[in-house]
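Working notes, beginning with the structure itself.
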Amino acid sequence: MQGQGHVQPVQRPPHDAVLVLLRVVFVAMGLFSVGFLAWVMMLRLATVTRRSADYGLLVAVAAADILSIVLLATEPGEDVHTAGGYLGITLLFGALLASVVYYLAADVRHFQRRREAYAAQHAAPGYGYPQPASPYTTVTTPMGAQPPHTPPPHTVPPVALPPHSQPPIPAPPQRPAPARIEQVRAELDELSDYLRKHDGTGEGGR
């Protein structure tokens, strides 16, 4: 029995600034060469992705560049005025435009996937290493076995205590009202007698 093959780890992709600089350099080579070096972009892409489709496009772009050079070289004179010359120019600029668009799109897509795979590789736990047991791991019981029944704790119902009765506060003693009235009446009588005596004395002196 054969075991599983070891998966090659994904290498960390270059920095975005480095990738942008390389794209600018290779696209500039194709533009400044008026399309004669368009195959360089496809060579860079094929060596990065290592896909057979990209190698096939590299061969196609290189063949288009060579054919356009041959057609332009067989043009009599310096000006292009034959069908072969126009066909060569069309192949040259067509291959240049297609190479620029495809190279940029495929290169960006390739490194985006590579960056995602690198992030997923570092986010996943290491393969083949035991992982520490989690304290929150649930224990599974085998089928047919029931966990022991734990009776609920007996709770004592609260006992309602009778309200605390306070002794009544005695009212302050009150003096009987008739005795007070009699005292006031006697004082008024004494005051009236005194006034009569005083009035009688005053009149006798006159």
Side-chain angles (χ1 to χ4, degrees), residues 1-28 45 48-51 100-206:
M1 181 181 293
Q2 296 180 356
Q4 295 181 355
H6 178 68
V7 180
Q8 185 177 2
V10 180
Q11 297 181 357
R12 183 176 183 178
H15 196 270
D16 291 341
V18 178
L19 296 176
V20 171
L21 179 61
L22 291 175
R23 290 163 190 162
V24 170
V25 170
F26 283 101
V27 171
L45 182 63
V48 168
T49 61
R50 301 182 182 276
R51 296 173 62 241
V100 170
V101 174
Y102 182 78
Y103 165 70
L104 292 177
D107 192 71
V108 171
R109 183 173 62 251
H110 170 73
F111 283 103
Q112 180 67 26
R113 292 177 179 175
R114 184 173 170 182
R115 189 177 296 107
E116 293 175 357
Y118 179 79
Q121 175 183 346
H122 283 265
Y127 176 77
Y129 294 94
Q131 299 296 321
S134 175
Y136 302 101
T137 304
T138 57
V139 179
T140 58
T141 57
M143 296 181 62
Q146 296 182 356
H149 176 70
T150 303
H154 179 69
T155 58
V156 179
V159 179
L161 299 177
H164 182 68
S165 60
Q166 296 181 356
I169 300 175
Q174 297 181 359
R175 300 179 64 181
R180 179 67 177 170
I181 294 174
E182 292 295 334
Q183 182 181 0
V184 173
R185 184 178 300 173
E187 290 177 358
L188 291 176
D189 292 341
E190 292 178 0
L191 180 60
S192 61
D193 293 341
Y194 175 77
L195 291 177
R196 291 194 195 100
K197 291 178 181 181
H198 186 272
D199 290 343
T201 306
E203 290 178 0
R206 290 179 184 177

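Hydrogens, waters and symmetry mates are skipped; everything else that's a heavy atom, side chains included, is used. Keep in mind that this is a model prediction, so the values were computed, not measured.
Listed by chain and residue number, D54 satisfy the side chain to side chain donor-acceptor pair (under 3.5 Å) test with R51 (two or more places apart in sequence, or in another chain). Applying the side-chain contact (heavy atoms from CB on, under 4.5 Å) test to D193 and every residue at least two apart in sequence or in another chain returns R196.
In this structure, the separation between CZ on R109 and CD on Q112 is 11.0 Å, given to the nearest 0.5 Å. One finds the CD atom of Q183 at 11.5 Å from the CD1 atom of I181 (value rounded to the nearest 0.5 Å).
In terms of heavy atoms, V48 sits closest to F111 at CG1-CZ, 3.7 Å.
In this structure the side chain of L45 never reaches within 4.5 angstrom of the side chain of H110, judged on heavy atoms.
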